[in-house]
There are 2 protein chains.
Amino acid sequence: MAVVHSHHPPEDCLNCEHRHLRMFCNLTPEALADYDKIGIMMSHARGAKLFTEGDAARNVFVICFGQVKISSTSRDGKTMILKIAGPGDVMGLSAVLANVPHEVTAEAIEPCTVKTVRKQEFIDFLGRHGIASMHAAQSLSGEYLTVFHDAKRLALSGSAAGRLARLLLDWGRSSANGKPEIRFTMALTHEEIANMAGTSRETVTRLLNQFRRDQWITIRGTSLTIVKPDQLERLTA
Amino acid sequence: MAVVHSHHPPEDCLNCEHRHLRMFCNLTPEALADYDKIGIMMSHARGAKLFTEGDAARNVFVICFGQVKISSTSRDGKTMILKIAGPGDVMGLSAVLANVPHEVTAEAIEPCTVKTVRKQEFIDFLGRHGIASMHAAQSLSGEYLTVFHDAKRLALSGSAAGRLARLLLDWGRSSANGKPEIRFTMALTHEEIANMAGTSRETVTRLLNQFRRDQWITIRGTSLTIVKPDQLERLTA
DNA sequence: TCGCTCGTGTGATTTAAATCACATTCTGAG
DNA sequence: CTCAGAATGTGATTTAAATCACACGAGCGA
């Protein structure tokens with residue numbers, strides 16, 4: 001599956017995308033140089049699994065290019081999609097630090113490049129640079145918040161409509177980093193959306209059309225625009 | 001509400017309960033001594049709110065004695081109880097590190113004593129002791145895992161029965177730290193259990209009795225014993 | 001071009017569980 | 001002890017949404 005390679009060439013890392021990432025955006029230059037030295041870059045094809053729920057956590061991953069679907073599945077086959085991770089997102093950190101197996105599955109949904117750092121190597125790095133530990137802690141806080149909101153959406157937004165509305169809103173806000181653009185691309189199937197909203201595929205289809213008929217959103221091809229955020233917000237309860 | 005007081009006397013901290021806590025169990029002696037110096041001890045009466053959802057995160061709290069209910073409420077009044085925190089649990093860490101308002105409400109469900117450390121004081125402490133940052137990160141990983149499991153329970157365990165079963169099982173396992181005791185005390189009302197399982201009070205009552213009739217659990221007073229864990233497990237799906 | 005699978009759209013049916021509406025039993029404050 | 005308010009128990013009713021069961025079009029490899 002994974003088509004690997006090449007140790008990370010420090011030079012071109014100086015311009016590498018992973019540089020402007022949440023996690024290590026403002027390390028000291030030395031720490032940053034050190035960071036560039038650890039781990040290797042790996043490329044994965046669409047559909048490749050970076051790791052699977054239950055696997056021992058052997059690496060920490062930082063996405064440089066591409067998108068990765070983070071999900072979890074129950075014994076009876078129901079899938080919960082937690083998020084679509086993109087460049088800058090760190091994967092597997094909590095499992096590595098808590099020293100437990102991966103609690104989620106990470107699958108490339110498009111060809112992607114990922115910085116891959118062996119568990120111990122990463123921990124050593126954190127040990128060498130105290131400040132980096134704080135960044136890691138902050139990164140985890142962010143992750144925590146995300147999951148927390150998911151939990152809240154699932155538990156409290158009584159209706160399926162509410163959950164879907166919340167999902168779209170959250171989505172619009174995050175995809176437009178910075179200014180609250182309310183247009184974004186939805187390269188997901190209704191099935192996948194259903195898995196994120198904790199509902200069924202049919203319900204997603206119906207609701208999406210409902211929203212469209214009510215003129216709250218418009219869909220052109222793969223691009224979705226939220227026309228009446230306030231109306232969606234109202235459903236949220 | 002909060003009846004405060006007295007700066008933390010370092011001497012008696014040497015035997016203090018918070019010493020053997022997950023977060024800072026194996027710091028260096030110096031770091032530990034430093035830890036004992038920061039923050040103050042506060043006592044709170046049953047029902048007191050340590051902080052409320054939406055409040056600016058001004059402090060990090062470490063429970064020394066007592067139990068604290070961690071919950072979150074939606075606009076329409078539905079409550080989700082995330083966990084009952086006990087001695088050793090750290091509260092407010094993610095909000096402080098992510099620099100966002102508290103996302104949950106913490107309420108004492110019995111008289112309790114809590115080490116309270118001002119935000120900046122705590123961050124400075126982490127800065128002084130790089131290794132402590134890693135412990136903080138690990139603590140967050142744990143929290144993350146908890147919330148993650150909650151989310152999973154809510155999203156994937158299709159039936160109310162499944163969610164309740166899972167809750168009881170998780171509960172039994174955690175309350176018996178170490179050996180898998182399956183007896184534990186349930187000082188919670190059906191209403192509160194419902195809020196944790198994401199269901200209604202009536203359903204909890206019915207299911208609990210159902211389980212009892214089927215001899216899967218027994219309840220004597222406030223003590224609950226899981227007799228047939230496997231049967232409950234089966235409901236989990 | 002022909003199928004084939006996949007994603008989507010929509011009705012009809014079923015079902016789990018929330019809700020409503022009480023009765024009963026604890027529990028603790030005065 | 002007594003009484004009021006919680007907490008619990010249980011039926012009847014309602015409802016949201018899952019499920020079932022299709023039809024339709026679009027893309028794609030053979």
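Chain identifiers are assigned alphabetically (A, B, ...) following the order of the sequence lines, protein sequences preceding nucleic acid strands; residue numbering begins at 1 within each chain.
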Problem set entry | Counterpart residues, ring pair (Phe, Tyr, Trp, His ring centres under 6.0 Å), relative to B/Phe211 (two or more places apart) | B/Trp216
Problem set entry | DNA chain C contacts among residues 218-235 of chain B, heavy-atom distance under 4.0 Å | none
Exercise. So, is B/Asn209 near the phosphate of D/dT8, with a side-chain N or O under 4.0 Å from OP1 or OP2?
Worked result: no
Exercise. A/His102: what forms a ring pair (Phe, Tyr, Trp, His ring centres under 6.0 Å) with it, not counting sequence neighbours?
Worked result: A/Phe51
Problem set entry | Value in whole Å for how far the P atom of C/dT10 lies from CG of A/Leu207 | 13 Å
For this session: I would like to know whether B/Lys78 and B/Asn195 meet side chain to side chain donor-acceptor pair (under 3.5 Å); could you show each step before the answer?
Result: CA-CA 8 Å; B/Lys78 286 189 192 174; B/Asn195 287 336; over 6 Å; no
Problem set entry | Main-chain N/O of B/Ile219 paired to B/Ser223 side chain as donor or acceptor, under 3.5 Å | no
For this session: Let me have a per-nucleotide readout for nucleotides 14-21 of chain D, 5' to 3', with B, S or -, counting only protein heavy atoms under 4.0 Å.
Result: ---SSBB-
Exercise. Could you give the CZ-to-C1' distance, from B/Arg213 to D/dG9, as a whole number of Å?
Worked result: 10 Å
For this session: Answer yes or no: is there an ion pair linking B/Glu233 with B/Arg166, defined by an N-O contact shorter than 4.0 Å?
Result: yes
Problem set entry | Any residue of residues 187-194 of chain B with a heavy atom less than 4.0 Å from an atom of DNA chain D | B/Thr189, B/His190
Problem set entry | Side chain A/Arg163, main chain A/Gly198, donor-acceptor under 3.5 Å | yes
Exercise. Are any of the side-chain nitrogens in B/Asp89 or B/Lys83 under 4.0 Å away from the carboxylate oxygens of its partner?
Worked result: yes
Exercise. Is it true that B/Arg153 and B/Asp170 have a side-chain N and a carboxylate O under 4.0 angstrom from each other?
Worked result: yes
Seminar exercise, completed: Taken to the nearest whole Å, CZ/B/Arg46 to P/D/dA6 is 13 Å
For this session: Would you kindly say whether B/Ser71 and B/Glu53 are connected by a side-chain donor-acceptor distance under 3.5 Å?
Result: no
Exercise. Residues in side chain to side chain contact (heavy atoms under 4.5 Å, CB included) with A/Lys69, at least two apart?
Worked result: A/Ile81, A/Ile84, A/Glu107, A/Ile109, A/Glu192
